[in-house]
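Please read the structure below before turning to the comments.
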Number of protein chains: 2
Amino acid sequence: MSSTPKYKSSSSLTTSSNRQDYLKAILSLDLKGAKASTSAISAKLNTQPASVTGMFGVLSNLNLINYIPYKGAKLTDEGRSQAISLVRKHRLWETFMVEKLGFRWDEVHEVAEQLEHVNSEQLIDRLDDFLGFPNFDPHGDPIPDSLGNIADRRSLVVVSDLEVGKMASIRGVLSSSDSFLKHLDDLGIRLGLEFEVVKVYTYDGSIQVDSAGESMIWSRKLVEQLLAEVN
Amino acid sequence: MSSTPKYKSSSSLTTSSNRQDYLKAILSLDLKGAKASTSAISAKLNTQPASVTGMFGVLSNLNLINYIPYKGAKLTDEGRSQAISLVRKHRLWETFMVEKLGFRWDEVHEVAEQLEHVNSEQLIDRLDDFLGFPNFDPHGDPIPDSLGNIADRRSLVVVSDLEVGKMASIRGVLSSSDSFLKHLDDLGIRLGLEFEVVKVYTYDGSIQVDSAGESMIWSRKLVEQLLAEVN
DNA sequence: TAAAAAGATTAGGCATGACTAAATTTATTG
DNA sequence: CAATAAATTTAGTCATGCCTAATCTTTTTA
Ligand SMILES: [Mn+2]
Ligand SMILES: [Mn+2]
Ligand SMILES: [Mn+2]
Ligand SMILES: [Mn+2]
């Protein structure tokens, strides 16, 4: 005999944005091959380990994770699917902000952290369409499609691995530190920039590239963090 | 002697989305010349009057409203400013969804109700720019600018008031009921549609218009709810 | 203008999601 | 392999918002 709930249901269909952030944090550790321990999650989410234990209990009851005390959490199929959907939203919004609104790479993460919780599949699918179904976000991270499939990064190469004569386009970065992204901005290196590797200096690993008729030299440290797609 | 807060501050700069919805509801009653009573607010927000009394206490402590028990609430300058900022966000997101993502007028409200709570002035100002600084949302409601100024509707006229020979463009609607918006969709009446008033039938108040080379007749009931800008 | 009706507030709870401190389990190390 | 150290869980609170029921106030109406 099921009675009408007394409180506004945090319905089985909607996971609160707090819980969503936990799922995402667990997924991100999982993708790195790391264990989703309470301390690791608490570090990621800026909470206390005890709070994570509490949330693990909640998510476990919702069948979004399998949780064994002292052994960490693993996403269930449903939990994983929800986490991937969040990553999709996060990365599409980041792409939107950079491509359409003119934000820099280093400015979009925090806001995407909020936008990803807007609950509308229609919205995100149309946004995807509007953006031309991009495969990678401004940081070079793959954007899951509407079915949850994640393209791997096979199609992207680290610029330091490019050989002389290769034409390529900037697609992402390995580090998203503020200082790095601002440096890229200073040098005019932005998403979609096409360039050709003209010379590789073995002395310090820097490379000379031609781009839009101009020639410049990128340091080894820089190109090790730059992702490109070979044209 | 100020001590570090024990809990994550619901900082003085950020008003939670629940509180924001209350501020917006109070503003909307105020703009209609109605009193912000607990029952009126509770009806708007689908809560109980007792809950509104509780929230009035909270908002009053935050100096966002002036609240006199049994007499209702009035927005302070700060409360009003925050409410207007929310309306701005809500209407810009609605405009974005209709103009850029191809949603219909009747599909955007619920999602905008979520998007309006994304907290970033930068984001909304750039979105405004991206949309070309629109003055009205898809429902014909004015969009406050970044300073909080709200254009009045003087520049829009109800289509039933147009005289024969006038050229105009559809800019909004007075009713946002699903059935009405779907009817507009059926007839191909959409935002931005340019038309000329060819004839007004005094018999039933319907009007004949020419638009994009085609001629059609719009009913009195229809044109009384349609807003246009004279070209 | 007094009683009834309508509207608003208070009182007492509950769900969610944090936090601290104390207790417990697991991992490390001499 | 026992004793520390580190990680995790439990216990006890707290802030936010919402709910129902009971108790005022204010407004209507006879
Ligand atoms: Mn988030
Ligand atoms: Mn990213
Ligand atoms: Mn809202
Ligand atoms: Mn609107």
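Below, read A as the first sequence line, B as the second, and so on, with proteins coming before strands; counting in each chain starts at 1. Keep in mind that this is a model prediction, so the values were computed, not measured.
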What's the closest nucleotide to the Y67(A) side chain, out of dC18(D), dT9(D), dA8(C)?
dT9(D)

Residues in side-chain contact (heavy atoms from CB on, under 4.5 Å) contact with R220(A), at least two apart in sequence or another chain
S160(A), E224(A)

T53(A): side-chain contact (heavy atoms from CB on, under 4.5 Å) partners, not counting sequence neighbours
T38(A), Y67(A)

Could you give all pairs that pass the ring-ring contact (aromatic ring centres under 6.0 Å, His included) test and reach residues 74-124 of chain A, with sequence neighbours left out?
H90(A)-H109(A), W93(A)-F96(A), W93(A)-W93(B), F96(A)-F96(B)

Within the structure shown, what part of the strands sits under 4.0 Å from Y22(A) by heavy-atom distance: base, sugar-phosphate, or nothing?
sugar-phosphate

With a 4.0 Å cut-off on heavy atoms, is T53(B) in touch with a base, just the backbone sugar-phosphate, or nothing at all?
base

Proximal nucleotide (of dA18(C), dG17(D), dT9(C)) relative to the T38(B) side chain
dT9(C)

For S175(A), the side-chain contact (heavy atoms from CB on, under 4.5 Å) test, sequence neighbours excluded, returns S177(A), F180(A), Q225(A)

Among the nucleotides dG17(D), dT9(D), dT9(C), whichever has the atom closest to the side chain of A50(A) is dT9(D)

Under 4.0 angstrom, heavy atoms only, what part of the nucleic acid is S51(B) near: base, sugar-phosphate, or nothing?
base

By nearest atom, which of the nucleotides dT9(D), dC19(C), dC19(D) is closest to the Q48(A) side chain?
dC19(C)

Mind jotting down which residue pairs meet the salt bridge (charged side-chain N to carboxylate O under 4.0 Å, His left out) criterion with at least one end in residues 28-37 of chain B? Sequence neighbours excluded, please.
D30(B)-R80(B)

What nitrogen or oxygen pairs link the protein and nucleotides 23-25 of chain C at under 3.5 Å?
{"unit_1": "dT25(C)", "atom_1": "O4'", "unit_2": "Y70(A)", "atom_2": "OH", "d": "3.3"}

